[in-house]
Amino acid sequence: MNFYAFSGLLNGLAATASGLIVYAKNPRSSKHQAYALYCLAAAIWGYGFCAWQLASSHDLALFFVRLLMAGAIFLPAAYLWHVLTLLDDVESNRWIIRLGWGISFIYFCANFTSYFVADVHHVGNFLFWPKPGPFFHFYLLGFGLSTVYGTWLLYHGARGRTGPERSRFYLLTIGSVIAYAGGLTTFPLWYGVEIPPNGTILLTVYTSVVAYTLLRYRLMDLGTAVERGITGSLLLALVAFPAYPILLLGQSLYFGQINIAYSFVELSVLLILVLGASFLKREAKTLITKSLFKERYNRHETVVHFSKSLVSILELKDLTATIVESICPTLGLQWGVLYLRSSSSQDYRPVSSFGKSTNDLPVLYLHKTPTLLEMWRQGTFCFVINELELSTINSDSEAVIAQLAQIGTEVCLPLVNKTRLLGFCVFGPNTKSGGGYTTQDLDLLTTLSQEASVALDNALLYEELKRSQSLVRRTDRLRSLETMAGGLAHEIRNPLTSIKAFVDLAPERKDDEQFLVRFSKVVKEDVCRIERLTREILDYAKPMEPFLKEEDLNDIVESCLYTLRIRPSHELIIVETDLAHGLPNVFADRQQLKQVFLNLLFNAVEAMLPEGGVLTVRTRKIGSGLAQNWVQVDIQDTGKGINPEDIEHIFDPFFTTKHLSQEHEGTGLGLAIAHQIIQEHRGSIEVQSVKGGGATFLVNLPSSPAPTSVSPTQSVLPKPEHR
């Protein structure tokens, strides 16, 4: 097997393996489909190239040339489709893809005639090099244009991106140039220019790099993929390429000939050994470390496990408990206590413990010991209490050290982040080493303190954020008192006027039956209005912490629509629904959401009465690609709409545009309560309206529990779709 046959075989194997692995990983992805088809064409070309170089007769060589060209014919179209899927730009260039496939099929039909490959003849060192037919010239022109255009698309796509994404597409561009520059070396001999096709083997580099990127990084970390691809290529170049010719030479010397099947087996075994070398090295290293250096391996595993256990904890109480409960059992410590600085003063108090109760532990006032405080603030190593007692520390620190020694402390571990002493851990005797601490134990504690300090600082910031959010909500409620007081006075004054007038006039006109009947009805309506107003004020003022559980949003909407349909006053309304199938569940309080949707539905119906109209209710999934998906509920009516100047006040307490009667006149609290409920669900509610063209209310809710550290007004919230 000569070099050219070997290069064709290697290209075929690389393309086959890459295409199959990528396609099997995600068969429904257009990126994976396009790349698999590109690899199929490259594999046919590679295997045909190998077989052609090994052919011993004219007819067999001609057959294999036409076979390899069957793959090469489809390479330009497949390459363009592959590049456009990587750039997510298929739709705007679909006509180019269709044109490319159409021309490729024409060439394929002509391939097995003399119009594409006329014959094979002797050129340079090759006995059977192909002669081009008339169609081949047009194919070669199209091949060049497709290669240049596809590479330009990658380059242009890189320029349109920023940061690491730009570098990754630049690397793809370079890979494409290298691969096709090597592939184009096969064409000069077609026209009698004696340039050997030594660059054909470079096609393997591009297919392998893209395959690895799609599988491991999905074009999100191409730099790392290229780094590893180059490492693998160098390993192959330094080991496989020199070794394989030696194996072929040995086969020729021992057997007197080179057997293709046996050579293929040799190559496969060699590639498996080379490519699996890093895996074997890693597994062997782990096995040796676990067997011969067990203590070091256990320390490494401790750090990894400790980091993983802290990374997802933001609640301060849970985090402090996890820190001491993770360290003490792992190192065999008898007990441990975590002290944390009090938020209201400068003292340090025990907040969590393992193996010892915090009730009998002292409160430490480190602000009175500036020397010791400054020493611990450095946070670079552990402090052994015996050594602290013997060191030359100022007298103001002796009382603190004595308190720690009195409770049996052996080691103190400061928790410092950015020169701030957040707290510290104190530990008792080490039961594994007879009470004392080895140098390895102290080094491991120092490493763990760095992980714990960062996690603790994040948890403290999270606690501060929660307090700030609570303060903002409280401030917002206080600011609304002025508006509420004025609105409440106005809402109650009107019905009280009629009640007072009735009380004043009733003694004088007690015999006027018509007066009593008419006025008593008005008074009853006003009393009912005051009762309803009081109830809504209580609903608005009381805390609305929702009881969240997983709910089907479509089911909640359907139950609200059922309540709407059974009311006889709504017979003039046509209800249309468009509820999305497969909608993700939401974590919500069912009754509170029903209160919101019923309020919006009844408002929409009242806006269309007495003429009637169409009420449209839609649900959909939005916000794909964010940290979490969101769902949206649209409630649209064909009523009179809302004045532009009223829209910005629509969710203000006591703002209303309803003036039906004294009893049923809107209090202006319904939408304010709905807005408050949706905010407590970490969602948003907005309104779109044109005067005379109806109104649309859009309710956005997260489909999974939103992180409590994220305000519902932050920018991660998806914008509602506008129509």
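- Contact of the Gln334 side chain with the Glu410 side chain is not registered, since no non-hydrogen atoms from C-beta on lie closer than 4.5 Å.
- When atom types are taken as modelled, the side chain of Thr358 and the backbone of Val351 share no donor-acceptor pair closer than 3.5 angstrom.
- The two atoms that bring Pro429 and Gly408 nearest to each other are CD-O, 4.2 Å, heavy atoms only.
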_side chain to side chain contact (heavy atoms under 4.5 Å, CB included) assessment of Ile407 paired with Trp335_ = CA-CA 11 Å; Ile407 63 175; Trp335 59 268; 4.2 Å; yes
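- Val337 and Ser353 make their closest contact through CG2-CB, 3.9 Å (heavy atoms, listed as atom of the first residue, atom of the second, distance).
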_Would Arg341 and Arg420 count as a side chain to side chain contact (heavy atoms under 4.5 Å, CB included) here? Give the steps._
CA-CA 11 Å; Arg341 180 174 176 174; Arg420 292 187 300 115; over 6 Å; no
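- With values rounded to the nearest 0.5 angstrom, Leu338 atom CG is found 9.0 Å from Leu413 atom CG.
- Counting heavy atoms from C-beta outward, Leu340 and Leu316 have side chains that approach closer than 4.5 Å.
- Side-chain contact between Glu551 and Leu593 is absent, with no heavy-atom pair separated by less than 4.5 Å.
- Residue Ala452 comes nearest to Leu415 through the heavy atom pair CB-CD2, 4.1 Å, listed as atom of the first residue, atom of the second, then distance.
- Going from atom CD1 of Ile401 over to atom CD of Gln406 covers 14.0 Å, rounded to the nearest 0.5 Å.
- Nearest heavy atoms, Tyr348 versus Leu422: CE2-O, 4.1 Å.
- Within the 4.5 Å cutoff, the side chain of Tyr437 has heavy atoms near those of the Phe427 side chain.
- Counting heavy atoms from C-beta outward, Val631 and Thr619 have side chains that stay 4.5 Å or more apart.
- The shortest distance between side-chain heavy atoms of Ile323 and Ile327 falls below 4.5 Å.
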*What do the steps show when you test Val426 against Ile385 for side chain to side chain contact (heavy atoms under 4.5 Å, CB included), and what is the final call?*
CA-CA 10 Å; Val426 293; Ile385 293 298; over 6 Å; no
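- Residue Trp630 holds its CH2 atom at 8.0 Å from CD1 of Ile622, rounded to the nearest 0.5 Å.
- Residue Phe597 holds its CZ atom at 10.0 Å from CD1 of Ile677, rounded to the nearest 0.5 Å.
- Closest non-hydrogen pair, Asp589 versus Leu548, comes out as N-CD2, 3.8 Å.
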*Would you check, one step at a time, whether the test side chain to side chain contact (heavy atoms under 4.5 Å, CB included) holds for Phe547 with Arg590?*
CA-CA 8 Å; Phe547 177 70; Arg590 184 182 183 88; over 6 Å; no
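- At a threshold of 4.5 Å between non-hydrogen side-chain atoms, the residues Leu319 and Leu456 count as touching.
- Taken to the nearest 0.5 Å, the CD atom of Gln676 stands 12.5 Å off from the CD1 atom of Ile685.
- Note that CD of Gln632 and OG of Ser703 are 13.0 Å apart. Values are rounded to the nearest 0.5 Å.
- Considering all non-hydrogen atoms of both residues, Val324 and Ser352 come closest at CG2-OG, 3.8 Å.
- Among Pro362, Cys412, Cys425, the one residue that satisfies the side chain to side chain contact (heavy atoms under 4.5 Å, CB included) test with Tyr339 is Pro362.
- Looking at heavy atoms from C-beta onward, Val633 lies out of side-chain contact with Asn700 at the 4.5 angstrom threshold.
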